[in-house]
Every structure is written in C-alpha cells, then in structure tokens.
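Numbered from 1 within each chain, the chains take letters A, B, ... in sequence-line order. Predicted, not measured: the structure shown is a model, and the values here were computed from it. Side chains included, hydrogens not; waters and symmetry mates left out as well; all remaining heavy atoms used.
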Protein chains: 2
Amino acid sequence: MTGEGRAALALDDGGVTDAGAGLEGGASSSVGVGVGVGVGSGPRQTRRSTNTVTLTDVAQHARVSPQTVSRSIRSPELVSEFTLERVRNSIAETGYVPNLAASNLASNRSMTVAAVIPAVSASVFADALHGLEEVLSPAGYQLFIGSTDYRPSHEEELVRALLGRRPDGIFIVGTKHSPNTTHLLRESRVPVVEAWDLTDDPIDSVVGFSNRDAISALVQFAVTRGYAHPTFAGSFQTGDFRAIARRGAFEDSVRELYPGEPIRVVDSGTATVDFETGRRLLDETLTTYPETDVLMFASDVFAAGAVLECARRGIRIPGDIAITGFGDFEISRHLVPTLTTVAVPNRQIGTIAGELLLARMTHRPVENSELDLGFSVVARESA
Amino acid sequence: MTGEGRAALALDDGGVTDAGAGLEGGASSSVGVGVGVGVGSGPRQTRRSTNTVTLTDVAQHARVSPQTVSRSIRSPELVSEFTLERVRNSIAETGYVPNLAASNLASNRSMTVAAVIPAVSASVFADALHGLEEVLSPAGYQLFIGSTDYRPSHEEELVRALLGRRPDGIFIVGTKHSPNTTHLLRESRVPVVEAWDLTDDPIDSVVGFSNRDAISALVQFAVTRGYAHPTFAGSFQTGDFRAIARRGAFEDSVRELYPGEPIRVVDSGTATVDFETGRRLLDETLTTYPETDVLMFASDVFAAGAVLECARRGIRIPGDIAITGFGDFEISRHLVPTLTTVAVPNRQIGTIAGELLLARMTHRPVENSELDLGFSVVARESA
DNA sequence: TAGGCTTATGTTAGCGCTGCCATCATCATC
DNA sequence: GATGATGATGGCAGCGCTAACATAAGCCTA
C-alpha cells in the first residue's frame, strides 16, 4: 500500500453553522416581488417561506395572466408568437422554475413513474432501469426509484410511499407480492408493469420471461452434452422469488430428465451475489458433491467467481468440471474459458415496459399486455 | 444454442383497449363519498377525476376534523390515544394513501432528494446511490434519480426538471458544471452535495477524493516498482471530467517523475466502459507502444478485460507487462493475477453525502462541508 | 351587417394538504 | 373561585398551479 489520500471526516454537531446557500448569484434574478416579509396590512402574513419565483410573478413581469404563462409552458401552440416571446423572456429573467408539485396537484398528473426493484446495485436491474429511463425520459417522465433489498415487508411500505407521490405508472420487479401490496397496486388504478417473470394472475401487465423454462432448458442442455451429475448452486434468500423459482425448476427438471439421480443443491443463504460467494459455492460443491460434473450457478456472477477460482487452483474447465451461469453478463464472454449461460433481455425488459407504460399513460390502446420476451441458452466453452 | 423461449411482442395501436386496472378489489375500500359524478345542484362540477380517498374522507369516516387526521399522521404524539386509534382504523378501512404532492405544496417540504449521476448502470454510481438510499430512506426521504449520460447539456435540463420537484436536497456527481447549472443550483437555496471529486469553489458541499492525486500516487507507485515505460489507457469522452482529470494527472506525473520519457496515452474515445473496450485498449497499446512495461487503465473494468485477454493470449502479467486499474471493483481481487488498483470509497461517498444532506435538511449544524474521503493504492499481483 | 366560427386571453374555483391560530375542556396554582 | 398552564381539537386560509368556462377580438360567410 503506497500513497494514502488525506481524509477528513467529522459530521454532526459542532460550531460552524450551515452556510453556503445564500449567495444571491448572477445578474438575472429576483423580480421585485415583496412577498414573504410581513407587509403589514394584510389579514394574516403569508405562508410562503422560500421566496421562490412563482408563475404569478412571471405573469406580472410579462403583464399577462398567470393562465397565459401556464399555457406558454404546457401548450405553447395556443399562445401567440408575440406573447410567447414575452413570457419566455420573463421566465428567463426571473429565473422561474415551475413547481411540479403544484402542477401535479392541480392537473392530477405527476409525470413520474415509480420503479420498485430489489437492489439498485444489481447490474441486471440497473440495465432495466436504464432501458426504462431511455424510453420515459424523452416523453417527459421522471423516474422514482425505490429498492426493497429483497424484503417483502419493505416492499409494501415502499409501494405505499411511492403511491403517495401519485405516479402515473409503476414498474415493479417480480410477480409475487404480499396481498396488501397487490391490493394497494390494484386499487391505485395506475398502470402497473410487473417484470422479470411471468404469471397467470398479473396485477395489470407483465414483461419478462419464464425463469422456470430457462432453467429447464439449461438442464436439457446438460443432458444433451452428456453430463451425468448436475449440481445447482446459488443464494436463495426468502424474498428472491426468481432465484427460488429457478431452484424449483432445477429440482423438477432433474427429477424428470435424470431419473434416479439425487438432487444436489448448494445454497449460500443470504450471502450477497458476488464473486467471493461464487468461490465459496464452488468450494462447498467440491467437498460436498465431488461427483459433480456440471455445476450450474444461479447467476453469472457466481459462475465467474468460480471460473476464476478454478484458474487459480488449476482446475480445468470443462475438463474437470463444467460450469454454467445465468444472465449472460458481459464478463461471461471474456472469461477464460468463456461461460455457457442463459441470455436474458435485461435492458429490453426496461424498454418494453417503458413503452407499455407510456402507451397506457397516454391512453393509447395496447394490444398485448403480457409479454414473454424469452431467453436463450448460450453455449460457450465452459460446458 | 438450445432452447429459445417464446417471444411475443407487438405494441402500439391494435384492437384491444386498455383494461385491467378497474377491478374494485377487496372488502376494505370506498367510503360513501359521492364526488366526481355531477351531483346536480353545486355551482360547478368538481374537478376530482380520480375518486381516490382523501384526508377529508378519512376525517368524515372517523368523525374528526381533517386537521386531526393530518396530525395523526405527521405528529401522532399530539393526538389522544383514543382518537389516534379511531383515525388509524379509518385510514385502514378507507385504504387512504396520503397525497404527498399536496403535502409538499402545503408544507413546502417534499421529503425527496434528487440525485444527478452520469449513468445508473455504472456500478460505481450505483454503489453510491445505494449508500445514499441507505441513509436517507430510514429518515423518510425518497430518492429521485436522473442520469446525464455524461452530456453537460443534458445535465442542465435535468437539474431544471429535478428542481421543479422541489427536492429538499441534491446530490450531484462531479464538480464541473455549466454556468447555468451552477447558477440554478445556487439560486435554488437547496442543500447541494457535489461528489466524486474535489474543488476549490463548491456550490455548497463536496464529498469525494482527488482524482489527480490518486493517479499521481499510482504513477509514483510505478516508479517505486521500477517500471520505466508507463502508458495510460481509457475512454475520455468530453463530459467525463473525472476521467479527463485522471488523464491530465497522468501526463503531469509522467513529466515530473519520468523526465525525458514520452507521454503515452491510448484513448478509446466515446466507447462504453466495458471489458471489450479493455481488450481493445490492450491491443492498441501493444501495437502502438510495444515498449510499454506498465499499462495503467482508467478503470478496473478495462483492466479486467485486458487481464482476461492476456490470459487468453498467454501474455504473462506482470512478467511481460504489468497492469493497473482504477476503482478496486470486486472482480479485481479475484482476477488471476489479482489486480493492482486504486481503492475509492464509492459506497462511502453515498453514505457521507447522505448524512451531510440529512444534517443540512434538518438544520443541524455541520462542521465540515468539504470532505476529502481519500483513496488508497492497492498493490496486488498484476504490478 | 347580423350571425357564427375561430383564435387569444382572462377569470374563477378548486386540487389535497398543512401552518397558524382560536377554541374548549381539564387541571394545578395561588 | 379566579387565574393561568396544559392538552386536544377544530376553523380558516392558502401553498402554486391548472381545468373549465367566459370573454373579447378578428374573421368569414351569406
């Protein structure tokens, strides 16, 4: 360890008080609107604490009615060229920033979409969010993100809080929710897209693929390649219904396709999805089920950790043991050996969900609101 | 390729119209509030389009005033046990979800924090977001996320839109912004934390580390280890000021520490930060600057791509060429060989920024609002 | 030139909530 | 028993904006 950067923490109580914000910047600001300073005669002093510029201020400055300013912003085609010009100048000169909370309240549209995901830092969901944003942002919608950390109890609380913001649409990962969550979402009358899995009983719309079928296909693949002793490894924490579905699919498939073969599953419990856990899962597999000839991981991340560990230990893949992953992350086609896995349309889940929501929110007809985006088994060197 | 999941797209106009949401769920809903359906005598029909339950509905149901319901939610300690109980029941029975837009408007606090980041899918920022959320969520704040895609023009537009939601705090990556963006943020009078770099002229607060010093330390490290011909590789697109700062630091350090040595930089331009680009950068380095004995990447992702490519080609690390990264991603300590890199407090940037914002938003005094969290060079096998 | 149509702007009344104050009952204090 | 302090609740107005209607001016047609 060379070079250690300076560090200087220290928060919470101390001497220096909050400063900084009150700098009263450049030339273009502050109309002469003397509100907020008890002007004397009025029946009661106004409540405006922050002396921000309002639509009315802009209207006065441009010598038009507030409504005209509102129109200039929301539907400029209804306003004459001349007036529009004046209003625009006033907006620039006053530094007006519309208060969307007020707009939301008055118009009953928030121009937001709420996204409920298990974890922001999981790249698969980040990809989907990216896709969502890509579609919604140009249409003027903003994304509200909440993460559940795979805790169903937290999900309900979160959904409740997000609904409080009156989003125009909701994107939620997973198709299994608590009864209350489902009820809340149904009652909200807001377009909802459930993602990442399929279900017979959607709240509204679904965009995903069958986690069960994907694993079945992978087991089928193992059969075709002649592997005799498959083991499944992953972390199956209570709230991660997709991982649990995959595990169930593995068990069923093995029963069906490997009659007589014992069902081997290695579970890391609540461990995070990272390379380290992949190594540990490999380790546990090798000691617990040394007969394993194909080790199927519930995520490419685990698989990658295992592949790297094998490289370190000199275990040959697929010679000594074959390895498969799930997700087709970018790393998988760069590993040595490259990783056999299941490709899943992460990004596309986001974009398609976004388009679906957009159609719903603008009351455009939607042909199909239960979309199976499919998956594909990607055969590479590791199996 | 085996097993191809079914797919069934098709959006936009078609026959079937929007259905689904209007299921009028379980037993516990709908008070007898006959609004929304022109009731006849009133001077004008009300505007309430969605017949959602309001605070007034709950109040009527509980036979108390709206104010008491509001209090029961926001400061229950002011309400008697008996009343509280009744109100809580009414809330549950009516399925009331508070409208936070109205609350925001009336109270002038939105209980939201806006986060402006270059890209959601970049794991470093996802980590910071995670940290932010971890701190803000328990305090009741929600996160509004906007991504700029490294386009400064987009940043301004985004900040404007986010300010429209009247966040109580703002987290923004980077310390270099357009004059307009800076002006907007200053004028907003909202606590702002700029992150991921340091600056002499912050808008308000800063939490980060010196990208320049980090690279200098790394070059210094290269000197100590006896490397003679360093090359820097990365993608330095226009809006990524941190990458550009690192590049500049590399150039300056080489001038200082390797007098007479030419400055070797390989630039992949606007290429995305992924393993593939890392491989290409390695390739370009080997052909353009074959004399390179230590190749320093602007990100661990590039470095990992290069390390894997070397494994494939049989290039020995650090024997034939030494490699360093930046960021200390999880993969770096699992690669073979493990990667020498610079550890940067991603997650911590988020948590510290969150605490800072929280202090500011609750008007607690803050001792130091310019925090250098430091970095550390992590020496591993690859160099 | 009256009547209707179109276009541009203004007026009014809330959207659902909370800040501020007023009110009223209860209790301790002198 | 009058006084004030305390606790619990209600009334009123207004946050900043927009839907819905009203109005005014210009234009066309017969």
Nearest-Å distance for atom pair [atom1]/[atom2], residues [X] and [N]:
X       : N       : atom1 : atom2 : result
L55(A)  : dA19(D) : CG    : C1'   : 14 Å
M111(B) : dT18(C) : CE    : P     : 12 Å
N108(A) : dG16(C) : CG    : P     : 7 Å
N99(A)  : dG16(D) : CG    : C1'   : 6 Å
N104(B) : dT18(C) : CG    : P     : 11 Å
Q60(B)  : dG10(D) : CD    : C1'   : 14 Å

Legend entry - Any S103(B) side-chain nitrogen or oxygen under 4.0 Å from OP1 or OP2 of dT18(C):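 For dT18(C), OP1/OP2 do have a side-chain N/O of S103(B) under 4.0 Å.
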Inset, instruction - For each nucleotide in nucleotides 4-10 of chain C, reading 5' to 3', give B when a protein heavy atom comes within less than 4.0 Å of its base, S when such contact involves only the sugar-phosphate, and - otherwise. - result: ----SBB
Inset, instruction - Return the set of residues passing side-chain contact (heavy atoms from CB on, under 4.5 Å) with E155(A) (not counting sequence neighbours), or none when no residue passes. - result: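 With neighbours one apart ignored, the set is V116(A), T148(A), V159(A), I172(A), H177(A), T181(A).
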For [X], what residues pass the side chain to side chain donor-acceptor pair (under 3.5 Å) criterion, not counting sequence neighbours?
X       : answer
R151(A) : H154(A)
S72(A)  : none
S153(B) : none
S205(B) : R360(B)

List the atom pairs, donor and acceptor, that lie under 3.5 Å between side-chain atoms in residues 74-83 of chain A and the rest of the protein, sequence neighbours left out.
| unit_1 | atom_1 | unit_2 | atom_2 | d |
| --- | --- | --- | --- | --- |
| S80(A) | OG | T83(A) | N | 3.3 |
| S80(A) | OG | T83(A) | OG1 | 2.8 |

Legend entry - With L132(B), the side-chain contact (heavy atoms from CB on, under 4.5 Å) member among I352(B), I145(B), L143(B):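 Of I352(B), I145(B), L143(B), side-chain contact (heavy atoms from CB on, under 4.5 Å) with L132(B) is met by L143(B) alone.
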Legend entry - Overall bend - the helix from dT1(C)-dA30(D) to dC30(C)-dG1(D), comparing terminal axes fitted on five pairs, nearest 10 degrees: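 For the helix from dT1(C)-dA30(D) to dC30(C)-dG1(D), the axes at either end differ by 40°.
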Inset, instruction - Using the test salt bridge (Lys or Arg N to Asp or Glu O under 4.0 Å), find all partners of E157(B) that sit at least two apart in sequence or belong to another chain. - result: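 So E157(B) forms no salt bridge (Lys or Arg N to Asp or Glu O under 4.0 Å) with any residue.
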Inset, instruction - Measure from the side chain of A106(B), starting at C-beta and using heavy atoms only, and say which of dC15(D), dG19(C), dC17(D) lies closest. - result: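 Nearest to the side-chain atoms of A106(B), counting from C-beta on, is dC15(D).
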